[in-house]
Amino acid sequence: MIAALLPLKKVLHNSKYLLFGTILLLGVVVVFNQMVQTESWGLNPYIDDNGWWRAMVDKVFSEDHQTDPVKVSNAWRSNYTPPTWKPEFKGRANLHAFEDWCGTSTAALRKNGHFPLYPHTRTTVKKLAVNPKWSNYGLRIFGYLHPHTDGEFSIAVSSEDNSEFWLSTDDSPLNVKLLAWVGKTGTEWAVPGEFDKYASQTSGPIKLSSQRRYFFEVLYVQDDKGTGHVEVAWKLLNQDFGFTIIDSKHISLYASESGLLPSDVSTIPQTAASHHHIPSKQPGATADMLREEPRDTFYRVPLVSSNFLKGVLADCSYKPSYTLKGVRVPRYQGIHMVRLSYIYPNDYTRLTHMESDETCIYQEHPSDMKTNGFSKYIIPDGPEEKSTTDFAKPLQDEEEASDLTGTKSVPNDEKDHVVRRKKSVSDDKEDFPVRKKKSLLDDAEYFPVRRRKSVLDDKEDFPVRRKKSMLDDKEYFPVRRRKSVLDDKEVFPVRKRKSVFDDKKDFGFQRRRSVFDDNEDFGFRRRRSVRNDEEEFDAEADQKEVWPGLRNNPLFPDTYSRKHLREKEIEKNMPLQLDLKMSTPTAKVSYQDLQALQSDQVNFGCNLVGNVQLSSSEALPLVKAFMDKLEAKHPGLFRLGRVINVVKRVDEVRGSRYLLELEVIDSSGKLLRLSQYIYNLNRSGRRRRRDTTVKELKPPPLLCNPMGFQWNPAATVHIIVPVKNQARWVQQLITEMERLFKETQDTNFNLIITDYSSSDMDVKKALEKSSLYRYDYLKLSGNFERSAGLQAGVDLVKEKHSIVFLCDLHLHFPSNIIDAIRTHCVEGYMVFAPVVMRLDCGAAPFDARGFWELDGFGLLGIYKSDLEAVGGMNTEKFKDTWGGEDVELIDRILEGGLEVERIHLRNFYHNFHSKRGMWVTQVS
């Protein structure tokens with residue numbers, strides 16, 4: 001029976017036809033689904049020829065904002081809960097404002113760490129046309145669109161600066177698509193009501209139904225220039241009416257947000273246009289500091305057991321000469337006594353992407369830099385006949401002594417020639433020098449060499465006094481002349497590029513000033529302007545400048561006028577060069593080790609340089625000497641993989657202290673982290689007399705183990721932050737701490753928040769809902785006091801041998817921050833004051849632009865026992881104000897004999913923020 005219904009032999013015999021039919025059927029299904037999707041959006045190519053193009057562009061542009069769709073989907077799509085919509089929501093749309101944020105593109109708004117969950121302002125609007133009177137802000141307007149009829153609509157947007165309009169296929173924010181926008185580079189703009197300036201401003205045909213509501217979203221950014229505005233309009237395609245603004249009759253709220261706290265974010269929709277994400281640095285970042293570096297993740301490598309490091313070096317006492325125990329430090333002067341540490345290898349903390357030509361690393365005076373640029377770093381090569389020793393001589397200043405003839409020798413290829421030329425007075429005898437700018441004749445004929453004596457005139461060599469000329473009886477030309485064939489008068493030699501008959505040629509270079517338009521030398525008025533390729537002359541200048549025999553000569557009809565116009569055109573289009581026959585100019589350049597010129601003294605006026613770099617010639621021999629000692633102690637157990645980090649603290653009196661962080665490989669091939677402080681003592685005793693006949697070898701380093709000066713990898717780090725009414729930043733701090741714990745899985749750090757009774761969020765509840773492993777919360781009352789708040793957090797720490805990190809609220813932390821605090825804090829000896837990078841307005845951690853905050857010491861890691869030894873925070877002097885308490889603490893730390901480790905820490909950022917509303921309200 002079954003065989004009769006299903007002839008298997010025939011099916012198998014015609015299997016290729018069956019396979020073809022299956023493929024054809026699948027293709028039909030795919031095409032049908034695509035047509036259904038297209039119909040749902042109204043992208044009918046027969047209605048709008050640009051429909052297919054619009055759909056493609058929209059797709060590409062929307063994908064620009066979704067770098068990883070999988071991660072995006074997992075982040076916010078799974079957490080979406082549809083809100084309950086009510087009819088009373090009609091007539092308004094939600095508006096969120098993000099203040100104090102610079103930029104002109106919507107991409108800049110997405111860099112804001114508070115976007116989209118933590119706006120500064122939550123309000124509503126009655127229509128999709130707003131005109132805020134603010135500056136440097138971003139807007140997000142969202143809600144539901146209610147069409148008044150069924151049909152195909154076109155939607156348009158206009159704004160200054162960039163804006164975007166997104167619309168969903170239904171009432172779900174998860175299905176939004178980008179339909180219209182004004183630019184995406186930040187340079188595009190349109191005037192109010194201008195919807196046809198860019199093709200992207202107007203959407204293709206969109207089929208909408210009056211029986212449904214559609215979620216929409218508008219993004220808009222405005223800087224501090226122009227008239228801020230954004231409006232959205234629509235029109236039916238089958239009518240002749242123009243665009244009309246979408247008003248209150250056709251919009252409604254997404255959710256009611258009245259009475260919500262800034263920390264309540266459950267009603268804020270996250271979409272493809274606006275969703276919370278933590279972007280990471282890209283491998284191809286423009287700035288070297290933004291690229292990943294081995295130091296950033298070295299904390300993940302297991303440490304070499306301290307048992308293997310015992311006895312590798314001989315013990316020695318650690319008593320640096322620069323500590324100030326018992327010395328009275330003048331008030332607020334301790335920060336000027338703190339020194340930087342040297343770093344190897346280069347950690348690229350120099351902010352090269354923020355530098356200009358006036359950067360302070362080059363140690364040039366700003367006025368010299370503006371005038372001369374970097375000319376002192378390069379020495380142009382002279383003529384080929386000069387010796388190489390002459391080339392190496394530095395350029396002389398203009399005011400140096402000239403030669404015996406009163407003429408100063410200067411290089412030919414100098415841009416600005418300053419020549420001392422002789423000028424005859426009425427008696428043709430007395431000579432005096434006149435400084436003259438570079439002229440056409442000088443550039444072509446004047447060479448700074450001594451010429452042999454002339455056989456013809458037996459007069460003094462170059463420059464030669466010229467006989468009275470038909471042009472000017474007072475001029476001296478530094479060339480020998482011969483008679484002209486035309487008029488039996490003296491003209492210039494064949495070698496000369498410029499003749500008397502043509503005083504306006506440039507011959508391959510732009511002249512700066514002609515010998516004929518020098519007021520002082522020739523006594524007639526200069527040319528005033530050049531208009532329509534003709535120059536204005538007065539009669540006297542015209543007669544002196546043109547040879548009379550040429551002007552009316554029948555052999556040369558119209559020669560002067562035609563030549564004049566032609567040569568002016570040549571002059572304007574001639575490239576700037578000295579001589580067409582000259583070879584390409586070359587120069588002598590020496591290696592500039594600019595880092596060697598830096599010192600460990602903090603230059604508070606130079607906040608782009610970063611850490612001082614340690615040379616490899618010093619670091620590598622030191623590493624080799626230590627590894628030799630380790631090999632001698634444990635033969636064959638460890639070998640060096642690579643040098644990750646070397647930190648040097650200079651002590652010229654007794655010896656420098658080093659932190660060696662090395663990647664070593666044990667006998668089983670396992671990668672391990674060796675992190676050890678060592679001391680390189682200065683060699684004492686009288687030096688032997690140097691034998692100049694034998695090359696003296698540098699003595700090996702005298703290494704020892706500084707007793708007591710080692711860091712504790714197991715120390716608990718307590719990050720203490722006092723807050724008041726900063727809900728957005730408190731939530732971001734908690735998010736940052738969650739990220740740190742997730743990345744490091746370090747259970748030995750604790751977040752302590754001391755809260756001055758914040759009214760904008762429940763801080764304790766936010767901590768309880770977080771994924772932090774450890775945290776402490778303390779509620780305080782009264783006005784905000786940073787010193788008292790920090791001290792209250794310190795008092796919560798019971799273990800004296802743990803580290804407290806006095807912290808700020810507006811920070812982005814690197815993943816290795818906890819490890820860095822531990823490494824650079826040594827109980828009884830050293831505290832850690834990392835330098836943080838303050839971001840500019842509109843800058844984000846993954847695209848950092850800003851400067852190093854050198855004068856701030858408010859971020860400080862110190863053992864609790866050491867903080868108690870120096871008296872703790874000064875809560876009396878800084879009771880009602882904050883600012884200065886960090887500098888005052890540094891004074892007492894130095895007086896207590898502790899040293900301050902000062903290092904620019906990579907990926908450590910102070911986010912930009914305004915001071916509006918920052919704890920300024922005083923409680924009576």
Side-chain angles (χ1 to χ4, degrees), residues 40-41 76-98 114-130 132 138-151 153 155 157 164-179 206-220 230-234 236 244-276 727-728 731 759-762 765-766 769:
S40 67
W41 273 107
W76 53 269
R77 288 183 182 271
S78 59
N79 297 327
Y80 170 68
T81 301
T84 302
W85 185 84
K86 300 178 181 180
E88 55 264 30
F89 289 173
K90 292 195 70 174
R92 290 180 175 272
N94 300 93
L95 184 147
H96 290 180
F98 299 86
H114 295 151
F115 181 83
L117 297 180
Y118 301 99
H120 290 75
T121 303
R122 299 190 194 186
T123 184
T124 61
V125 291
K126 295 181 179 180
K127 61 171 65 175
L128 299 189
V130 297
L139 296 182
R140 185 192 186 200
I141 306 172
F142 58 93
Y144 291 109
L145 193 65
H146 299 264
H148 55 86
T149 185
D150 297 342
F153 289 80
I155 302 179
V157 63
E164 298 173 5
F165 178 79
W166 297 68
L167 186 66
S168 175
T169 56
D170 50 29
D171 59 352
S172 173
L174 302 181
N175 300 322
V176 295
K177 294 182 181 297
L178 180 64
L179 296 187
I206 307 297
K207 180 176 288 188
L208 301 177
S209 171
S210 61
Q211 305 302 316
R212 304 175 64 182
R213 64 178 183 268
Y214 302 86
F215 178 86
F216 75 89
E217 180 173 357
V218 180
L219 297 182
Y220 167 60
V230 60
E231 51 272 359
V232 181
W234 59 359
L236 277 169
T244 57
I245 299 298
I246 302 176
D247 57 18
S248 60
K249 298 178 182 179
H250 308 109
I251 57 176
S252 66
L253 297 174
Y254 175 77
S256 176
E257 297 183 301
S258 59
L260 296 181
L261 295 176
S263 57
D264 297 330
V265 298
S266 59
T267 60
I268 298 178
Q270 297 194 59
T271 68
S274 309
H275 57 269
H276 179 69
R728 288 176 294 274
Q731 186 60 54
S759 59
D760 59 350
M761 76 175 297
D762 189 335
K765 185 177 180 181
K769 292 173 60 178

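Hydrogens, waters and symmetry mates are skipped; everything else that's a heavy atom, side chains included, is used. Keep in mind that this is a model prediction, so the values were computed, not measured.
Here the side chains of Asp171 and Phe215 are not in contact, with every heavy-atom distance at 4.5 Å or above. Looking at heavy atoms from C-beta onward, Tyr118 lies in side-chain contact with Gln731 at the 4.5 angstrom threshold. Side chains of Val176 and Leu167 form no contact here, defined as non-hydrogen atoms less than 4.5 Å apart. The shortest side-chain heavy-atom distance between Tyr254 and Pro269 falls under the 4.5 Å cut-off. By the 4.5 Å heavy-atom criterion applied to side chains, Ile245 and Asp247 are not counted as neighbours. Put simply, the side chain of Tyr220 does not reach to within 4.5 Å of the side chain of Glu164, judged on heavy atoms.
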Residue pair Lys127, Glu231: steps toward the side-chain contact (heavy atoms from CB on, under 4.5 Å) verdict: CA-CA 9 Å; Lys127 61 171 65 175; Glu231 51 272 359; over 6 Å; no
Full working for side-chain contact (heavy atoms from CB on, under 4.5 Å) between Val232 and Phe216: CA-CA 11 Å; Val232 181; Phe216 75 89; over 6 Å; no
From CA spacing to verdict: side-chain contact (heavy atoms from CB on, under 4.5 Å), Leu95, Leu139: CA-CA 7 Å; Leu95 184 147; Leu139 296 182; 4.0 Å; yes
Candidate pair Met761 and Arg728, rule side-chain contact (heavy atoms from CB on, under 4.5 Å), full reasoning: CA-CA 9 Å; Met761 76 175 297; Arg728 288 176 294 274; over 6 Å; no
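With Thr271 contributing its side chain and Ser274 its backbone, the two residues share a donor-acceptor pair below 3.5 Å. Judged by distance alone, with hydrogens and angles left aside, the side-chain atoms of Asp760 form a donor-acceptor pair with the main-chain N or O of Ala727 at under 3.5 Å. Checking side-chain atoms of Asp150 against main-chain N and O of Ser210 turns up a donor-acceptor pair under 3.5 Å.
Taking the six-membered ring for Trp, His275 and Trp166 have ring centres at least 6.0 Å apart.
Applying the side chain to side chain contact (heavy atoms under 4.5 Å, CB included) criterion to Ser266, with sequence neighbours excluded, gives no partner residue. Residues passing the ring pair (Phe, Tyr, Trp, His ring centres under 6.0 Å) test with Phe153, sequence neighbours excluded: His148, Trp234. Considering only residues two or more places apart in sequence or on other chains, Arg122 meets the side chain to side chain contact (heavy atoms under 4.5 Å, CB included) condition with His96, Pro119, Glu257, Leu260, Val265, Thr267, Ile268.
Counting all heavy atoms, side chain and backbone alike, Glu217 lies closest to Leu219 at OE2-CD2, 3.7 Å. Pairing each heavy atom of Phe98 with each of His114, the nearest pair is CE2-O, 3.6 Å. Heavy-atom minimum distance, Tyr144 versus Pro83: OH-CG, 4.2 Å. In terms of heavy atoms, Lys90 sits closest to Lys249 at NZ-O, 4.1 Å. Across Val125 and Ile251, no two heavy atoms sit closer than the pair O-CD1, 4.1 Å. Of all heavy-atom pairs spanning Phe89 and Thr84, the tightest one is CE1-O, 3.6 Å.
Between the side chains of Asp170 and Ser168, at least one donor N or O lies within less than 3.5 Å of an accepting N or O.
The distance from atom OG1 of Thr149 to atom NE2 of His250, rounded to the nearest 0.5 Å, is 10.0 Å. We find the CG-OH distance between Asn175 and Tyr214 to be 12.5 Å, quoted to the nearest 0.5 Å. Atoms CD1 and CG, on Ile155 and Leu179 in that order, are 6.0 Å from each other to the nearest 0.5 Å. Between Ser248 atom OG and His146 atom NE2 the span is 11.5 Å, to the nearest 0.5 Å.
Under the 6.0 Å distance and 45° angle rule, Arg140 counts as a cation-pi partner of Phe142.
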